[in-house]
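Notes for the one structure printed next.
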Amino acid sequence: MQYFLRRLAVFPLVMLGVSVFVFVAIRLVPGDAITAMLGTEGGMLTPAQREALAAYFGLDQNWAVQYLRWLGGLLTGDLGISVTYGQPVLDIILERFPLTLQLALMSMVVALAIGLPAGVFAATRAERPSDLIVRIFAMVGQSMPNFVVALLAIYILSVGFGVLPTMGRFIPFTQDPLGNLAQMILPAIALGTAFAAAVTRISRAAMLEILSEDYVRTARSQGFSQSYVIWRHALPNALIPVLTLSGVEFGYLLGGAVIVEQIFALPGLGRVVLDAILQRDYALVQGVVLFIAFNFLLVNLLVDLAYAAIDPRIRYGGRK
Amino acid sequence: MTTMKTVTGAVALALSTAMVAPATAQTLNVAWSQDATGLDPHTQPGFATIRLLELMYEPLVRLDANLELQPAVAQSWEFSEDGTSLTFMLDPEAMFHDGTPVTSADVQASFERILDEATGAISRANYTSIVGIETPDEHTVVFRLDGPDAPILNGMASVNAAIVPASAIEAGTLDTEVVGSGPFTLTDRTPNANATLTTFDDWHGGDVAYDTIEISVLPDETAILAALRAGQADFALINDPLVATLVPQTDGLTLNSAPTLSYYVLQLNAAREPMDSLPLRQAISCAIDRQDILDAALLGEGDITGPLTSPAYRTDPSGLFCYEQDQDRARELLAEAGYADGFSATVIAATGEPPTASAIAQVIQSQLGEVGIELEIEMQELSVYIDRWLAADFDMAVALNGGRVDPYTMYNRYWTRDGNLQGVANYIDDTLDRLMIEGRAETDEAARREIFAEFESHLAEMAPWVWLFTGNTYTAQVDGVSGFESSPTGTLFGLVDVTLAE
């Protein structure tokens, strides 16, 4: 508990660091909202027009004033207004986040449902042909970029079978569960397969190590069946590296899957932040990045807590 | 085998019927890859934004697919004898989406807003000859000009000069709400994702044969192609020539294309050595094989052009200076300029904007290399490119510059002494300046054509830039969609004439 609280206390500090970093980084990128909106036509503006637009986009103040104003807003839960959407940044994030969260969850399910059994299977048949086949698939899966999987999936499933990408219209699960799943399954597969390969390799390696441990041999010698030993004794202990990997991956996915969202035209956080960067929508970039950072911290904390739940040997903060 | 196929087919059919929302015949599903960046018609010059807004807002006059002026909010118009006043009679039937009629007061308020520098309206530069706006009655507007300004009419035929309700200007809601007088109202929109437009029944321009346009933003154009093939989209805007060439190869899809007004050009910076030398610039012009670049970089999807790209003024460019590659002449001209052994320079181009920029730069590099000119290509992120372009910080630049219907509006920014972008063009002479001023004041069509033909020929010979070619604007549609006519401006306003098969 104490450990948990200590970790929580670090949150604001990290967030402050992230806020400064993203604030400066996006402003160091050449161009601003005016360049993004007008392109070379910007050369047609009179000085007075340029000033008026700078004031509209909030570019007329110096960085310190802009930053403090933004920080002040943050403390009261106001992330600012997006100039391209004409909406509060927080509203945009909350509108897009359910999609990103669902996509992350579904990809994790795909990845674990394929990766864990495959890894365990390969470990129990180490160095046999079936192990080799699984390893080759894992290799291919991990090296294939997810946009290739995505485009293949669109061509094969969409054109051939009528399983369709979203066309920019996301159907919430609560509104139409079937329609929602139909939209999300392709992106989830595209994202999940590469990660499934990683899970396969990690869980195979971890299982191999555990299977050679003394207590596994003891369990076997006591006459427990092979599958009981594997699922009851070995697997829980092999889960820790898988959990670490999944935690990092999940935190990463919560930041939005830019390329896959782009290809499937999913209006998730990845798309939002990409478009915001291209249009130099500073408030939106800052708000989304901060939100992503917060999620990442939170997921990591939960993963650490989950270690203790899985492995009783792990205790945080020492004994009282 | 046959059974297997039938089963698969049946499954596919079942899946597709289950997953496509029951399509009513009255909805047109449109896909494009870039979304509007804002809703204020006066401040947004972006191609994608204009495509959306011109379905909802109307200017006083509009250009049809042949670039002829047509009535929009205004029913008729005329210049005074001396050309210093321009009178518009508004269509009394014209009505905003909120049901209020469009009046002369709205026109006055709209133009006052555009001319007010505090608005930051990008098209203001086209209307600076306006010195007063009068509204003798509800349906009459008179613009007082500081002198004859023939191009102003074409300049007004843009959604950047849309007539908006005076009340919306006062309320300051133009960047969040759309109350136009155009054929469609904005029912719903999620930026960069989708938009729903509903036919405005009281539109004064006539009837639209369907009820709704559902627009989807699909950032990847290959995904747009897939959506068309899967029957999810009925109509799509395509930017990438490589994707466009795939459309006709698919059964059930039709590609519409029209040559654009915008032009690909190799800009030389005549303010920098050695590009300040006329024979050297001419040598570069002679060393270029335009057709070769067009074939290699755009798969031949375009037309070689001189400086004038508007159909009414465009002529066969083969008579212009060195439009046929002539390497011997290029070498002679180089020697005349004192660079018999060639020279080296850098050329800037923007990454992915247009998609063909880097390919164009590479072909030019190899062509100039053959006469001893060594080019170094600097590919730049778009914003960096724009900054350097506006500051004229380059030896040469590969550019895709926007075109206008009227040559004066298109080029006065570059080739007049006080043009806003004269500092980017970095070349001017008395002939160019004089011809532009004459072209602005001349109202007789034939006389204007003569003036601008001379302008074009002189510009090609002075070679401050090397004009290359125009590309095409593309739309794709599925069978069952008919009636759309492409326009060189790229407008989708032709969607009002579309009918959908059952």
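Values below: every heavy atom of this structure, side chains too, minus hydrogens, waters and symmetry copies.
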Looking at side-chain heavy atoms only, is the closest gap between [X] and [Y] below 4.5 Å?
| X | Y | result |
| --- | --- | --- |
| B:Gln44 | A:Leu38 | no |
| A:Tyr56 | B:Asp175 | yes |
| A:Glu95 | B:Thr190 | yes |

Atom group of [X] that falls short of 4.5 Å from chain A, counting heavy atoms:
| X | answer |
| --- | --- |
| B:Glu214 | both |
| B:Thr222 | both |
| B:Thr37 | both |
| B:Ala195 | backbone |

So with a 6.0 Å cut-off around [atom1] of [X], is the heavy-atom count from everything else above 12?
| X | atom1 | result |
| --- | --- | --- |
| B:Asp251 | CG | no |
| B:Tyr127 | OH | yes |
| A:Phe137 | CZ | no |
| A:Tyr252 | OH | no |

The test is side chain to side chain contact (heavy atoms under 4.5 Å, CB included); show your working for B:Arg124 and A:Thr46 and say whether it passes. CA-CA 9 Å; B:Arg124 179 180 177 275; A:Thr46 63; 3.6 Å; yes
Using non-hydrogen atoms and a 4.5 Å limit, figure out which bit of [X] sits close to chain B: side chain, backbone, both or neither.
| X | value |
| --- | --- |
| A:Gln279 | side chain |
| A:Leu53 | side chain |
| A:Arg50 | neither |

Residue among [options] with most heavy-atom pairs under 4.5 Å to chain A:
| options | value |
| --- | --- |
| B:Gly38, B:Ala121, B:Ala125, B:Ala399 | B:Ala121 |
| B:Gly402, B:Gly419, B:Ser383, B:Pro219 | B:Pro219 |
| B:Leu382, B:Val424, B:Leu390 | B:Leu390 |

Any idea which heavy atoms bring [X] and [Y] closest together, and the distance?
| X | Y | value |
| --- | --- | --- |
| B:Ala118 | A:Ala52 | O-CB, 3.1 Å |
| B:Pro191 | A:Arg96 | O-NH2, 3.2 Å |
| A:Ala265 | B:Leu218 | CB-CD2, 3.2 Å |
| A:Met44 | B:Asn420 | O-ND2, 3.1 Å |
| A:Glu41 | B:Ile122 | O-CD1, 3.4 Å |

Check the pair B:Thr119, A:Gln49 against side chain to side chain contact (heavy atoms under 4.5 Å, CB included), reporting the backbone distance first and the verdict last. CA-CA 7 Å; B:Thr119 309; A:Gln49 284 186 306; over 6 Å; no
Residues of residues 19-26 of chain A under 4.5 Å from chain B (heavy atom pairs)?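 So no residue qualifies.
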Taking only distance into account, with no hydrogens and no angle test, what donor-acceptor pairs under 3.5 Å do side-chain atoms of residues 77-90 of chain A form with protein atoms, sequence neighbours excluded?
residue	atom	partner	partner atom	Å
A:Asp78	OD1	A:Gly80	N	2.8
A:Ser82	OG	A:Thr84	N	3.3
A:Ser82	OG	A:Thr84	OG1	3.4
A:Ser82	OG	A:Tyr85	N	3.0
A:Ser82	OG	A:Asp281	OD2	2.6
A:Thr84	OG1	A:Asp281	OD2	2.5
A:Tyr85	OH	B:Asn192	ND2	3.4

Please step through side chain to side chain contact (heavy atoms under 4.5 Å, CB included) for the pair B:Gln34 and A:Leu278, ending with a clear verdict. CA-CA 12 Å; B:Gln34 283 176 308; A:Leu278 290 178; over 6 Å; no
For A:Phe195, what residues pass the ring pair (Phe, Tyr, Trp, His ring centres under 6.0 Å) criterion, not counting sequence neighbours?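 None.
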Who pairs with B:Thr351 by side-chain contact (heavy atoms from CB on, under 4.5 Å), at least two apart in sequence or on another chain?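 Scan of B:Thr351 (side-chain contact (heavy atoms from CB on, under 4.5 Å), adjacent residues dropped) gives B:Met379.
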B:Asp220 (side chain) donor-acceptor with A:Ile263 (main chain) under 3.5 angstrom: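 Such a contact is absent between B:Asp220 side chain and A:Ile263 backbone.
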